[in-house]
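Have a look at the structure below, then the notes.
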Amino acid sequence: MEFRKAGWKTRLKRSALAVDSWLDAGLWGAGRRAGEIYERIRSYADRLTVTGGKRVAAELASEGLNIGIVGALFMLMLALPAFRIGNEEALKSQVLAVSFLDRYGNPIGHRGARHDDSLKLEEMPDHLLKAVIATEDRRFYDHFGIDVIGTFRAVTVNARASGVVQGGSSLTQQLAKNLFLSNERSLDRKIKEAFLALWLEARLSKNEILKLYLDRAYMGGGTFGVAAAAEYYFGKSVKDVSLAEAAMLAGLFKAPTKYAPHVNLPAARARANDVLNAMVDAGFMTAGQVDSAKRNPATPVDRKRDSSPDYYLDWAFDQVKELAEGGKLGSDRVLTVKTPHDSAIQERADEAVETILRQHGPAYHVKQAATVVMDPDGAVRAIVGGRDYGASQFNRATASLRQPGSSFKPYVYAAALSAGLYRPNTIVVDRPVCIGNWCPSNYGHSYAGSVPLYVALAKSINTIPVQMSIAIGRATGETHEARAATIGRKKIVATARAMGLTTPLTDTVSLPIGAAEVTVIDQAAGYAVFANGGKRAKPYAAIDIYNSQGELIYNHNRDEAEPQQVLTTQVVQDMNFMLSKVPTEGTGRRAALDGVVTAGKSGTTNGYKDAWYVGFSGNLVEAVWFGNDDSSETANLTGGSLPAMTFKEIMQFAHQGLELKPIPGVPADPKAATVAKANATPDPLGAGPPGAGHMPRQSFEVLSSVGAMFKTIEPSRSASRPVQVGIRELSGSETRLR
């Protein structure tokens, strides 16, 4: 046994020695071979070694290669967002071509690409193409999408002038901006614009790029593209424009509002002369060829009385794009959309906003306003997104985020009533209240003591909504005041969202008195819940949508879900009872309509930066905002002054001839309803919601002519009078009412 154990150990030692010898020999051999390979490489490298000037060149080439690789990776990183935008947007929204009709079936505008294959680039006048290229991009056919020479020249000129006096973007870059980007001036946008220009150049021919540019550029007057502009400004096909007219059209690309001939004909003609001179400088024409066009400048048709609901059309187009991207419109991208737009109300709203701002804006230091008028179900009838679409296409009614002030309080009250904590006659105490170091104060820096809840809302007492947020939280069992207020604010935010506010509502202690930011259209939608009996009212612009073959592919009532009930009938009735006191006993007296029962709420923010009035009848809802784009303070402008007055001017006109519907929970005025019914004009969309039916166009025209006869007989009911009445009412110390 011991002998066997000794033999096993001996064999193990021998095996270990053998493995060790094999490893040693292998490593030594590998090292020797590696050394031989290294010597060969070094010997070969010695033959490649350069000295003197050759070495410097080699070093520079090596460093250049390294920098180039890093630069290429960096450029790729910058290019990816732009290419992603190009691929996604080009395949989706930008191919839409939408014609819009109002509620009566009348055309009101067009948005998107114009898919008119009957007019090719070759059919456009040669002098128009030369005018555009000479003015916008003389080296268009020579560069690769970015005009390096033009960009360098623009940078030099701007540096000498210490400001931006000359643009360096190529025509392709301008097209990329028009198709995919906004007008913001930022480095990020310029980078995306440059890469998108390269993307377009790689996928389209020069003539295709030029055709797209001519079709999609904004040309003023609500027109997009030279074809629409020629029809609008000169009443003729773009194929028939003269050299003088072509020069005037080409001059619009730089600043369509500034050089629009129906706005400023002398400026348009001066700009056309610059275009003609540019054509001569570029060698496209001689001085003699353009001399006749200079001596006989273009004369546009009279468009002073024409108006286009451009803010409405922009928003409606976005709505249609959402439907298309959601797969609800099929594959066809040439569409006709019937909207609930009311041209009479739109014109009245534009007139009222501009007149009131022009006459009272300087005194209040306020320059902008916006308003939305809609049916209680969310059908939008009119949008004013600012004073002048040509000067600024930014839609303040749908995109601007502004603090609502006290016009936010109805959401707070609705949340408190929904929690079962209050009723309109509940006695509340206006007293000092603090959450941490924040203590809200009232408009007059005083306290009213014990008052009924409806009085607190009508008088817009600030401490009550804050107390409500605490009470809502305490109803959950939380006893700590600050934590209870936090819980209460979450309930308030949830209620506001359910009612239609879509913007981020930042949770701060001052949220109950309107510190969060909202949009005008969301405010109208939120108050529509009160007007329709408690159902969510999502704003919409499409009643019916037809494809290029005229087939109905979308109907709002048929294809959208039933609106959700977000407030109980009792809460709605209680809220409407209280809100109806605002125009009769509270801060909204200037909003009260003659013969029409309304409800609503004013709003004013700290520093008087924003002023609101949001109100409704049983028929219509309107939200009005006044303020400045830079959020600068106004001269004590409150929601009870200009916004309330604007509400009255528009809504008084909008209710003419309507069969008045009662506000849920608010007694109607039988006399007013009887008078309105006697003069009612049938709605072409039927008695029900928009889209439920329509009246024959011939019948509507007959009724319109009859209405025109009555207007001539009763000049006191003309469209201009209500504005003047409202303006006369705003005088003296009364302008400081909240």
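Keep in mind that the numbers below use all heavy atoms, side chains included, and drop hydrogens, waters and symmetry copies.
Annotation: side chain of Arg536 is not in contact with side chain of Gln565 (no heavy-atom distance under 4.5 Å). With a 4.5 Å cut-off on side-chain heavy atoms, Thr519 and Ser400 do not count as touching. Residues Lys661 and Ser617 are not in side-chain contact: their nearest non-hydrogen atoms beyond the backbone lie 4.5 Å or more apart. When side chains are defined from C-beta on, Pro504 does not count as touching Glu517, because their heavy atoms never get closer than 4.5 Å. Residues Leu620 and Met374 fail the side-chain proximity criterion, which asks for heavy atoms closer than 4.5 Å. For the pair Tyr364 and Ser641, the minimum side-chain heavy-atom distance is below 4.5 Å. With a 4.5 Å cut-off on side-chain heavy atoms, Ser450 and Val428 do not count as touching. Considering only heavy atoms from C-beta on, Leu453 comes within 4.5 Å of Met468 through its side chain.
Under the 30°/60° scheme for interplanar angles, the aromatic rings of His556 and Tyr540 are found to lie parallel.
Comment: Arg423 engages Asp574 in a salt bridge, judged by a side-chain N to carboxylate O separation of less than 4.0 angstrom. Using a 4.0 Å cut-off between charged side-chain N and carboxylate O, Arg381 and Asp375 make a salt bridge. Contact check on Lys538 versus Glu560 returns no salt bridge, with no Lys/Arg side-chain nitrogen under 4.0 Å from an Asp/Glu carboxylate oxygen. A salt bridge does not link Glu478 with Arg474: none of the charged nitrogens is closer than 4.0 Å to a carboxylate oxygen.
Put simply, the side chain of Trp612 never gets that close to the backbone of Gly640: no donor and acceptor are under 3.5 Å apart. Side-chain N or O atoms of Thr355 include none that pairs as donor or acceptor with a backbone N or O of Ala352 at under 3.5 Å. Between the side chain of Glu481 and the main chain of Ile470, no donor-acceptor pair closer than 3.5 Å is present. At least one donor-acceptor pair under 3.5 Å links the side chain of Gln403 to the backbone N or O of Ala515. Judged purely by atom type and a 3.5 angstrom limit, Asn628 has no side-chain atom pairing as donor or acceptor with the backbone of Ser631. A donor-acceptor pair under 3.5 Å links the side-chain atoms of Thr486 to the main chain of Ala482, judged by distance alone. When atom types are taken as modelled, the side chain of His655 and the backbone of Leu658 share no donor-acceptor pair closer than 3.5 angstrom. Put simply, the side chain of Arg497 gets close to the backbone of Leu501: a donor and an acceptor are under 3.5 Å apart. Not a single donor-acceptor pair under 3.5 Å links the side chain of Asn619 to the backbone N or O of Leu660. Looking at Asp610, its side chain never comes within 3.5 Å of a backbone N or O of Arg402 through a donor-acceptor pair.
With hydrogens and angles left out, the side-chain atoms of Thr638 and Thr604 include no donor and acceptor closer than 3.5 Å. Using modelled atom types and a 3.5 Å distance limit, the side chains of Asp544 and Asn555 yield a donor-acceptor pair. In the model, Gln346 has no side-chain atom that pairs as donor or acceptor with a side-chain atom of Tyr311 under 3.5 Å.
Dense packing is recorded around NZ of Lys581, with more than 12 heavy atoms of other residues, nucleotides or ligands lying under 6.0 Å away. Residue Asp629 qualifies as enclosed at atom CG: its count of foreign heavy atoms under 6.0 Å is above 12.
Checked against Asn442 for a side chain to side chain donor-acceptor pair (under 3.5 Å), the options Asp430, Asn462, Thr463 give a single hit: Asp430.
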* List the steps, then state whether side-chain hydrogen bond (donor to acceptor under 3.5 Å, both in side chains) holds for Arg483 with Thr479. => CA-CA 8 Å; Arg483 288 196 292 268; Thr479 57; 5.8 Å; no
